[in-house]
J.: 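This structure is in structure tokens; I'll ask about it shortly.
We're numbering straight along the sequence, starting at 1.
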Amino acid sequence: TDPTAIVAAFKTIRTHGPVTGLVNNAGLGIMAELEDTTIEDFNLTVDVNMKAPMLCAQAVLEDMKEARFGRIVNISSRAMLGKTHRTAYAGTKGAIASMTRVWALELAQYGITVNGIAPGPIATELFTRANPPDMPRTQEIIGTIPVGRLGVPADIAHGVSCFMDERASFINGQVLLVCGGISLARGGS
């Protein structure tokens, strides 16, 4: 979240050549109900989930504009559609989805596309530590996913790689829910 550090990092990265692809994947989720969400936690979540992606995108624009080509993929979350204990997290992930659409409009003229991925429950190390597989709560989560399993990081990577591909030049401003169908209303029995 430090603008000076971000500029320095991208200066170092540029020693290997211009940057024409960016995946904004860093994120912070401090889980608390509304009444327990502190302004400090809220501000930190905004800094990591909204400001940092903006600063990173700004840092690569010159290279992308010069190349007349660029791909930016922002990682949002299915939680932006609503999930308890996620005031700051869901709010900022909804904001990055909105920012994705704004940037897509602004940058298309330079050959730059901007898209997003909104993951559902993914069996990362962090998720598994908080939700051990044998816990009833974890089984309850899996039971709400129409495909009947948690996602894995490769599911997200696949969506990202599609958006990063040079052939994806006509896909712009989209936020893909990679969630096993959990974002859908469960109809029937």
J.: Looking only at heavy atoms, which two atoms of Cys162 and Ala168 are closest? And how far apart?
T.: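 For Cys162 and Ala168, the tightest heavy-atom pair comes out as O-CB, 3.3 Å.
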J.: Report whether Ile13 and Ile6 are members of the same hydrophobic cluster (ILVMFWY, side-chain heavy atoms less than 4.5 Å apart, transitive linking).
T.: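 Linked, Ile13 and Ile6 end up in one cluster.
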J.: Taking all heavy atoms of Ile117 and all of Gly159, pick out the closest pair and write down the distance.
T.: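 Where Ile117 meets Gly159 most closely, the heavy atoms are CD1-C, 3.7 Å.
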J.: Please list, one pair per line, the donor and acceptor atoms closer than 3.5 Å that link side chains of residues 101-113 to other protein atoms, with sequence neighbours excluded.
T.:
| residue | atom | partner | partner atom | Å |
| --- | --- | --- | --- | --- |
| Arg101 | NH1 | Gly173 | O | 3.0 |
| Gln109 | NE2 | Glu106 | O | 3.2 |
| Thr113 | OG1 | Arg71 | NH1 | 3.4 |

J.: Do Ile156 and Ile122 make a side-chain contact, defined as non-hydrogen atoms from C-beta onward lying under 4.5 Å apart?
T.: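 When only atoms from C-beta onward are counted, Ile122 and Ile156 do touch, with a gap below 4.5 Å.
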J.: List in chain and number order the residues that pass side-chain hydrogen bond (donor to acceptor under 3.5 Å, both in side chains) with Arg149, two or more places apart in sequence or in another chain; answer none if no residue qualifies.
T.: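 Partners of Arg149 under the side-chain hydrogen bond (donor to acceptor under 3.5 Å, both in side chains) test: Asp155.
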J.: Within the supplied structure, the quantity of interest is the number of heavy atoms (other residues, nucleotides, ligands) at a distance under 6.0 Å from Gln58 CD; does it exceed 12?
T.: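 Yes - once you tally the heavy atoms of other residues, nucleotides and ligands closer than 6.0 Å, there are more than 12.
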J.: If you measure from OG1 on Thr92 to NZ on Lys51, what distance do you get to the nearest 0.5 Å?
T.: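 It is 12.0 Å, given to the nearest 0.5 Å.
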J.: OG1/Thr20 to CD/Glu166 distance, rounded to the nearest 0.5 angstrom?
T.: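 If we round to the nearest 0.5 Å, Thr20:OG1 and Glu166:CD are 9.5 Å apart.
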J.: Lys83 versus Arg78: any side-chain heavy-atom pair under 4.5 Å?
T.: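 Side-chain contact under 4.5 Å: yes.
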J.: My understanding is that a hydrophobic cluster links ILVMFWY residues whose side chain heavy atoms are under 4.5 Å apart, including indirect links. Using that, what else belongs to the cluster containing Val48?
T.: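 Via sub-4.5 Å side-chain contacts, Val48 links to Leu28, Ile30, Leu44.
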J.: Is any side-chain heavy atom of Asn131 closer than 4.5 Å to one of Ile141?
T.: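 Side chain of Ile141 against side chain of Asn131, heavy atoms only: contact under 4.5 Å found.
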J.: Please go through Val7's hydrophobic cluster and name the other residues, only I, L, V, M, F, W, Y counting, with side-chain heavy atoms under 4.5 Å joining them.
T.: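 None, because no other hydrophobic side chain comes under 4.5 Å of this residue.
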J.: How long is the span from the CD1 atom in Ile145 to the CD1 atom in Ile182, to the nearest 0.5 Å?
T.: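 One finds 4.5 Å between CD1 of Ile145 and CD1 of Ile182.
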J.: Measure the OG1-CZ distance between Thr15 and Phe10 for me, rounded to the nearest 0.5 Å.
T.: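 It comes to 13.0 Å.
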J.: Say you draw a straight line from CG of Asn172 to OG1 of Thr100; how long is it, rounded to the nearest 0.5 Å?
T.: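 One gets 10.0 Å once the value is rounded to the nearest 0.5 Å.
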J.: Can you check whether Asn74 reaches Met99 side chain to side chain, under 4.5 Å on heavy atoms?
T.: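 Contact flag for Asn74/Met99 side chains = no.
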J.: Are there more than 12 heavy atoms of other residues, nucleotides or ligands under 6.0 Å from atom CD of Glu62?
T.: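 Open: at most 12 neighbouring heavy atoms sit under 6.0 Å from CD of Glu62.
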J.: Can you find a pair of side-chain heavy atoms, one from Met64 and one from Ile72, that are under 4.5 Å apart?
T.: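 Heavy-atom side-chain distance check passes, below 4.5 Å.
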J.: I'd like to know if Phe69 and Leu61 are part of one continuous hydrophobic network [Ile/Leu/Val/Met/Phe/Trp/Tyr, side-chain heavy atoms within less than 4.5 Å].
T.: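 Result: no, two separate clusters.
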J.: Output all residues satisfying side chain to side chain contact (heavy atoms under 4.5 Å, CB included) with Ala118, sequence neighbours left out; order by chain, then residue number.
T.: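 Per chain and number, Ala118 pairs via side chain to side chain contact (heavy atoms under 4.5 Å, CB included) with Ser76, Met80, Val175, Leu177.
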J.: Quick one: does any side-chain atom of Thr138 pair with a main-chain N or O of Asp134 as donor and acceptor, under 3.5 Å?
T.: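 Answer holds: no.
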J.: Would a single hydrophobic cluster contain both Ile96 and Leu22, if residues Ile, Leu, Val, Met, Phe, Trp and Tyr are joined by side-chain heavy-atom contacts under 4.5 Å?
T.: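 Shared cluster, yes.
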J.: Looking at every non-hydrogen atom in both residues, tell me the closest pair between Met50 and Pro53 and how far apart they are.
T.: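 Nearest pair, atom of Met50 first, then Pro53: O-CD, 3.3 Å.
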J.: Do the side chain of Arg86 and the main chain of Thr84 share a donor and acceptor less than 3.5 angstrom apart?
T.: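 Yes; at least one donor-acceptor contact below 3.5 Å.
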J.: Go through the structure and list residues passing side chain to side chain contact (heavy atoms under 4.5 Å, CB included) with Asn25, not counting sequence neighbours.
T.: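 Once residues adjacent in sequence are excluded, the partners of Asn25 under the side chain to side chain contact (heavy atoms under 4.5 Å, CB included) criterion are Val23, Ile75.
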J.: Going only through I, L, V, M, F, W and Y residues with side-chain contacts under 4.5 Å, is there a path from Leu81 to Leu176?
T.: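 No: no chain of side-chain contacts under 4.5 Å links Leu81 to Leu176.
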J.: Would a single hydrophobic cluster contain both Met164 and Val114, if residues Ile, Leu, Val, Met, Phe, Trp and Tyr are joined by side-chain heavy-atom contacts under 4.5 Å?
T.: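 Shared cluster, no.
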J.: Starting at CE of Met135, measure out to OG1 of Thr128 and round the result to the nearest 0.5 Å.
T.: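 Those atoms lie 13.0 Å apart.
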J.: Taking all atoms of both residues into account, what is the closest heavy-atom pair of Pro153 and Ala123, and its distance?
T.: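 Scanning both residues, the minimum pair turns out to be CD-O, 4.1 Å.
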